[in-house]
Amino acid sequence: MIPNNTILTDDFGRKHNYLRISLIEKCNLRCTYCMPAEGIALTPKKELMTADEVFAIAQTFVNNGVNKIRLTGGEPLLRKDFPEIIEKLSQLETEISITTNGILIDKHLEVLKQFKVKNINLSLDTLVATKFNTITLRNQFEKVIDNLHLLLNNDFKVKVNVVLIKGFNDNEIVDFINLTESLPISIRFIEFMPFAGNEWDRSKMISQKQILDQINTHFSEENLEKLEDEQHFTAREFKINNFLGSFGIISSITNPFCDGCNRIRLTANGKIKNCLFSNIETDILTPYRNGAPIETVISNAIKSKKKVRAGMTTLEDVDNPVLNQDNRSMIAIGG
Ligand code: SAM
Ligand code: SF4
């Protein structure tokens, strides 16, 4: 029976059935678009959700209509108790997926298989080893590639997240799509987004239109097939005729998909963020630890969600550093 999920419905009638939980603020990479050069002040461990707290809070969401949970971070697989968290969450009636940089996939492969985590989003911004070192500040390219193949050989459904940055990897769009000729993966090109400390400006971003122009020029329009978008899509999906895989474009800046948004975020220190771009956070861990019912807290957080991008309705708003820097760094939100 579908539970009463009114607490997860916002003032615009959007029902939120998709919870993204950040498990950790730490990472084994230093992607320059995500982690500020000076690092971030880490939350003291006692203020982070334990495995039991992740489970209990997730259970409240599931009891109120969430049927999809994605674990993210920081790097979620860095959490020493990752197997315990997955085991607990697998008791809930919900699909579980993860977003990972892929480095620790081999270490956790059996746990992922055992608890039926089938959908993995793996981040990989370049197919050139030296460029990987430049963007992540770490030398782990081969490991990530090996683990991508390990996932595919074990029948995981893999989406590869590529954040496009002008002058860095916009010349690799076609190379990424060519991977889909023989690999059953979905490449997701992501418009570079502004977060605290990531030195974003719009001139560094490659827009949905620029991506599609490049693709049309190379593959020609008649070879490009528009696929049906998923319900509550964030990526507009396409494929090249006769290629095994597909690709999508996540255009949060130039063509946002807020109307169908069904996502809520929970940070590693137990704060609800009702939108990726919002600087408003609702503490849910403290009331939970105090033994207070958290449904009303959740309900108020959802109800205060703005219609579009946390109130940044225009591109001028997005460009405004006063607005776009007044947020956490992405590493501490969980994308
Ligand atoms: N460490 C994991 C990973 O890299 O997949 C999970 C956390 S990471 C914050 C989640 C996703 O956010 C990654 O796919 C990453 O590329 C994306 N991301 C980080 N910073 C971004 C930015 N400034 N703009 C767009 N996407 C970003
Ligand atoms: Fe780490 Fe993922 Fe951020 Fe890269 S994008 S620094 S891998 S959290």
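From a predicted model like this one, the values you see are computed outputs, not experimental measurements. Remember, it's 1-based here, ligands and their atoms both numbered in the order they're listed.
Among protein heavy atoms, atom 19 (C) of ligand 1 sits closest to M330 CG, 3.3 Å. Here the heavy atom of the protein found nearest to atom 23 (N) of ligand 1 is M193 O, 2.9 Å. Closest to atom 21 (C) of ligand 1 among all protein heavy atoms lies Y33 CD1, 3.5 Å. The protein atom (non-hydrogen) at minimum distance from atom 8 (S) of ligand 1 is G73 O, 4.3 Å. For atom 13 (C) of ligand 1, the closest non-hydrogen atom of the protein is S123 OG, 3.2 Å.
Distances under 2.8 Å from atom 4 (Fe) of ligand 2 pick out the protein N/O/S atoms C31 SG.
The atoms of ligand 1 that sit less than 4.0 Å from any heavy atom of E191 are 25 (C). Atoms of ligand 1 lying under 4.0 Å from at least one heavy atom of N161, given by number and element, are 14 (O). Listed by number with element, the atoms of ligand 1 under 4.0 Å from a non-hydrogen atom of N101 are 2 (C), 3 (C), 5 (O). Near V163, meaning under 4.0 Å from one of its heavy atoms, ligand 1 places the atoms 16 (O), 25 (C), 26 (N), 27 (C). Taking every heavy atom of I190 and a limit of under 4.0 angstrom, the matching atoms of ligand 1 come to 25 (C), 26 (N). For ligand 1 and E75, the ligand atoms under 4.0 Å from any heavy atom of the residue are 1 (N), 2 (C).
Judged by the shortest distance from any of its heavy atoms, N198 lies inside the 4.0 Å radius around the atoms of ligand 1. At least one heavy atom of G74 lies less than 4.0 angstrom from ligand 1.
Under a 3.5 Å cut-off, the side chain of K166 and the backbone N or O of D170 do not form any donor-acceptor pair. The main-chain N or O of N101 is found under 3.5 Å from a side-chain atom of E75 such that the two form a donor-acceptor pair. Put simply, the side chain of E47 never gets that close to the backbone of P44: no donor and acceptor are under 3.5 Å apart. Using modelled atom types, no side-chain atom of N279 and backbone atom of A310 make a donor-acceptor pair closer than 3.5 Å.
Remark: ligand 1 and T72 share no N or O pair separated by less than 3.5 Å (distance only, no angle test). Remark: ligand 1 and D125 share no N or O pair separated by less than 3.5 Å (distance only, no angle test). Note: no N/O pair closer than 3.5 Å links N121 and ligand 1 by distance alone.
Across all their heavy atoms, F176 and I187 have their closest contact at O-CG1, 3.7 Å. Nearest approach of K273 to T267, heavy atoms of both residues: CD-CG2, 4.1 Å. Heavy-atom minimum distance, S123 versus T99: OG-CG2, 4.4 Å. Smallest separation of non-hydrogen atoms from N262 and K15: CB-O, 3.4 Å. Listed here is the closest heavy atom pair of T126 and V128: OG1-N, 3.0 Å.
Side-chain contact between W200 and V318 is present, with heavy atoms from C-beta onward closer than 4.5 Å. Between T100 and N147, every side-chain heavy-atom pair lies at or beyond the 4.5 Å cut-off.
The environment of N153 atom CG is dense: over 12 non-hydrogen atoms of other residues, nucleotides or ligands sit within 6.0 angstrom.
Separation of atoms CZ (F61) and CD1 (I294) is listed at 7.0 Å; rounding is to 0.5 Å.
Heavy atoms of F195 found under 4.0 angstrom from ligand 1 belong exclusively to the side chain.
Salt bridge annotation for D11-K307: absent, with no cationic side-chain nitrogen under 4.0 angstrom from a carboxylate oxygen.
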